[in-house]
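Worksheet: one structure, shown below.
Throughout, a chain's letter reflects where its sequence line sits, starting with A, and its residues are numbered from 1. Below, all heavy atoms of this structure are taken into account, side chains as well, without hydrogens, waters or symmetry copies.
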Protein chains: 2
Amino acid sequence: MKETENYLFDFISRYMPLGEAEKIAIRESAVFRNYQKGELLLKQGQHSKDGYFVIKGCIRCYYVIEGEEKTTAFYTESETLSPLCSINQLPSEYYVSCVEDSLLLVSNPQMEKIMFEKFPRFESLCRILSEALLAKNQTSFANFKTSTPEQRYVNLLHTRPDLLQRVPQYQLASYLGITPESLSRMRTRLARRNK
Amino acid sequence: MKETENYLFDFISRYMPLGEAEKIAIRESAVFRNYQKGELLLKQGQHSKDGYFVIKGCIRCYYVIEGEEKTTAFYTESETLSPLCSINQLPSEYYVSCVEDSLLLVSNPQMEKIMFEKFPRFESLCRILSEALLAKNQTSFANFKTSTPEQRYVNLLHTRPDLLQRVPQYQLASYLGITPESLSRMRTRLARRNK
DNA sequence: TGATTTGATTGACTTAAGTTAAGAAAGGGG
DNA sequence: CCCCTTTCTTAACTTAAGTCAATCAAATCA
């Protein structure tokens with residue numbers, strides 16, 4: 001457990017140095033949980049305000065549209081899945097499942113509220129993190145819009161090469177906005193071209 | 001000016017009720033600025049930490065890729081453009097320009113810091129707003145990924161019908177992830193189909 | 001191990017997007 | 001009002017993605 005706490009502290013300190021008292025507070029209230037490969041953390045229709053910070057493993061968001069899974073996001077080590085429905089109070093439109101056995105830090109607004117009251121700097125931290133996530137998300141979206149499927153794939157190859165190993169190809173396909181068949185053909189096309 | 005302040009207060013109060021002292025503080029430090037149609041608020045390569053809240057008008061983000069403008073976002077009344085480069089300190093990769101004469105509230109981290117120190121609740125507000133923006137952005141991205149160009153266009157027709165009037169079609173095209181020619185053909189296709 | 005499920009590939013065909021180029025329509029400024 | 005710029009449309013052609021179906025490979029499990 002010591003190790004996973006240090007992992008978390010290292011991550012946080014990239015954004016804000018932590019005092020001892022604050023570390024203790026986190027140690028006392030942080031909830032770490034293990035999930036198994038294939039486990040569902042959230043189903044469509046459920047109400048959940050939980051957020052997840054990935055210590056180890058990989059989780060995935062997907063929609064089911066006309067019976068088809070459409071994967072929209074993967075979260076791996078040091079990445080945060082923040083809930084979409086916490087503000088509007090609507091039921092979830094998507095699923096969250098575990099791609100691998102994973103260790104996650106789980107949070108929710110009630111826990112955060114308590115922490116913010118005790119340590120206002122945590123709210124500062126969360127604001128900064130949230131702004132950073134927003135910036136990252138906007139950049140990814142812009143990148144997606146301005147690229148062809150092939151450019152997206154090549155880009156993924158460079159920016160997150162691990163994903164190609166960790167995740168089945170049919171999930172990557174919808175993540176890239178195409179069908180599994182198209183991705184398969186694209187790969188053979190690229191292989192032929194680079195030979 | 002009274003009117004534009006009230007507009008801002010109304011927006012904020014959707015998220016958090018404001019006390020009189022807080023309203024006064026905003027009144028004293030808020031910077032409103034008018035921009036003309038076509039004016040550039042940010043150029044590629046510039047360093048800027050300014051954020052913009054649109055009181056009236058429309059602004060647009062676009063990249064220039066191989067000489068082509070690729071529009072990635074429009075911001076209209078009550079929407080916020082938060083800077084992407086404030087954290088990483090990198091030069092901007094995109095442009096921001098005014099689609100129409102616009103009235104904007106301008107902010108930057110220095111101003112925010114002063115406000116946060118005087119009124120910690122502002123930081124709370126900014127955290128909440130930022131989380132809401134993140135959720136909205138993630139939902140838009142997921143929607144984009146899981147839709148065909150045609151579905152995106154039809155969806156835009158329903159969710160932001162005003163944009164089609166305010167913005168030239170070639171800018172909408174890249175916003176939808178397609179070329180102007182494709183959008184034009186798509187429109188005739190749809191018109192023929194619905195007749 | 002053998003059987004079953006799951007994931008990846010391939011092929012044939014359809015559809016729509018990208019590209020290039022030309023011309024028409026609309027809008028703004030003098 | 002006309003000219004010029006900007007925006008939109010149309011056409012012909014190329015390319016690649018979607019779809020459906022069959023097959024192949026690999027992982028899982030009884």
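In this structure, CD on B:Gln138 lies 11.5 Å from CG on B:Leu133, to the nearest 0.5 angstrom.
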- Note on the structure: In B/S/- notation (B base, S sugar-phosphate only, - none; protein heavy atoms under 4.0 Å), nucleotides 19-30 of chain D written 5' to 3' is BB----------

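Atom CZ in A:Arg192 sits about 13 Å away from atom C1' in D:dT15, given to the nearest Å. In this entry the distance linking CZ of B:Arg152 with P of C:dA16 reads 15 Å, nearest Å. Distance CD1 (B:Ile178) to P (D:dC8): 13 Å, rounded to an integer number of Å. Distance, B:Arg187 CZ to C:dA16 C1': 17 Å, rounded to whole Å. Taking atom CD of residue B:Glu69 and atom P of nucleotide D:dT7, one finds them 8 Å apart after rounding to whole Å. Rounded to whole Å, atom P of C:dG11 lies 15 Å from atom CZ of A:Arg189. Atoms CG (A:Leu190) and P (D:dA16) sit 10 Å apart, rounded to a whole Å. Rounded to whole Å, atom C1' of D:dA17 lies 15 Å from atom CD of A:Gln151.
Evaluation of the ring-ring contact (aromatic ring centres under 6.0 Å, His included) test over residues 108-138 of chain A, restricted to residues two or more places apart or in two chains, returns A:Phe119-A:Phe122.
Just one of A:Tyr15, A:Tyr7, A:Phe9 meets the ring-ring contact (aromatic ring centres under 6.0 Å, His included) condition when paired with A:Phe11; it is A:Tyr15.
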List, one per line, each side-chain donor-acceptor pair under 3.5 Å for residues 33-44 of chain B, sequence neighbours excluded.
from: B:Arg33; atom 1: NH1; to: B:Tyr35; atom 2: OH; distance (Å): 3.0
from: B:Glu39; atom 1: OE1; to: B:Gln36; atom 2: N; distance (Å): 2.7

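Using a 4.0 Å heavy-atom cutoff across all strands shown, A:Thr148 reaches no nucleic acid atom at all.
Among residues two or more places apart in sequence or in another chain, the ring-ring contact (aromatic ring centres under 6.0 Å, His included) test is passed with B:Phe141 by A:Phe141, A:Phe144.
Residues A:Met186 and A:Leu190 form a side-chain contact, since some pair of their non-hydrogen atoms from C-beta on lies under 4.5 Å apart. Taking 4.5 Å as the limit, every side-chain heavy atom of B:Ile59 sits out of range of all side-chain heavy atoms of B:Val99.
Between the side chain of A:Arg60 and the backbone N or O of A:Gln171, no donor-acceptor pair lies under 3.5 Å.
In the model, A:Thr188 has no side-chain atom that pairs as donor or acceptor with a side-chain atom of A:Arg185 under 3.5 Å. Side chains of B:Arg187 and B:Tyr153: a donor-acceptor N/O pair is present below 3.5 angstrom, by distance only. Counting only N and O atoms by type, the side chains of B:Ser82 and A:Glu131 include no donor and acceptor under 3.5 Å apart.
Comparing the helix axis at one end of the helix from C:dT1-D:dA30 to C:dG30-D:dC1 with that at the other, each defined from 5 consecutive pairs, gives an inter-axis angle of 50° (nearest 10°).
The stretch residues 162-173 of chain A has no heavy atom under 4.0 angstrom from DNA chain D at all.
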